[in-house]
Amino acid sequence: MTVRIILIGPPGAGKGTQAMSIREKHPIVHISTGDILRENVRAGTALGQTAKKFMEAGQLVADSLIIAMMRARLSEEDAGRGFILDGFPRNVSQADELDLLLDEMSLRLDAVVLLEISDDVVVQRLTSRRVCASCGAIYNVLSHPTKAEGVCDSCSGRVIQRADDHESVIRNRLSVYHKETAPLVEYYEKKNLLHRINADGEPDSVLKFLESLEASGK
Ligand code: AP5
């Protein structure tokens, strides 16, 4: 399967979870701007030091930094074989930059998948989310707990709560989403690329959608 898709949806809609279920069956590169930024924060790079305070407050990191980061990432060899973008673009100016970049690379998007979910479900999911600090596996103390408390089932790494998964920051992230990212729905609807999926269903609903897209020859 060679596809180029974007996952859009509020924080906690399940973008990372859906991407993981796709990767279990298909070798598609999952590019999450949040994961790349957190890696930079951990490594203490200049980008990480600048991004940290915005991430902890639930604000967007400056477009210029994100675009430079994504230009570099999408130019890597593995991305030429298809990708799932998670967390990028996050506003209309990032979407315009992505269009330019894909034109330069003579690539086209297959679909933009919107994961729809209510704010109340988001707050419940994110206050109970835990992630592995080593491999990034995603858990939930209510719906998908680890077998041993605080220990990753996949790699035995330490399972933690993200610094931005506290209710006041989650509410801020939601308000940034509604103001900055939601306009992308109309942006991609006009390009006939948007597909809506109920994010309150199965964690492999995007995988099923992609397989149906492939079966229909796109
Ligand atoms: P980022 O890491 O992208 O965070 P986000 O968009 O807020 O999304 P999340 O990772 O929180 O949620 P998700 O949708 O992946 O949900 P998950 O699968 O984990 O960004 C973090 C920060 O980085 C931003 O605030 C910003 O500062 C910065 N940033 C990133 N990109 C940027 C950009 N382009 N421009 C500027 N700044 C940027 O699932 C959540 C929980 O729900 C889990 O516990 C999971 O187990 C559970 N769950 C998932 N699916 C289901 C289901 N179907 N049923 C039941 N439970 C489910």
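Numbering of ligands and ligand atoms starts at 1, following listing order.
If you look at ligand 1, the protein residues with a non-hydrogen atom under 4.0 Å away are P10, P11, G12, A13, G14, K15, G16, T17, T33, G34, L37, R38, M55, Q59, L60, V61, I66, G87, F88, R90, Q94, R125, L126, R129, I138, Y139, N140, S143, R162, D164, R173, A199, G201, E202, P203.
Side chains of F209 and I5 form no contact here, defined as non-hydrogen atoms less than 4.5 Å apart.
Listed by first then second residue, pairs satisfying salt bridge (charged side-chain N to carboxylate O under 4.0 Å, His left out) with a partner in residues 151-164 read R162-D164, D164-R173, not counting sequence neighbours.
Grouping Ile, Leu, Val, Met, Phe, Trp and Tyr residues whose side-chain heavy atoms lie under 4.5 Å apart, directly or via other members, places V122 in a hydrophobic cluster with I117, V121, V123, L126, I170, L174.
Between the side chain of E97 and the main chain of I67, no donor-acceptor pair closer than 3.5 Å is present.
Counting non-hydrogen atoms of other residues, nucleotides and ligands closer than 6.0 Å to NZ of K53 gives a total above 12.
Looking at residues two or more places apart in sequence or on another chain, you find no side chain to side chain donor-acceptor pair (under 3.5 Å) involving T33.
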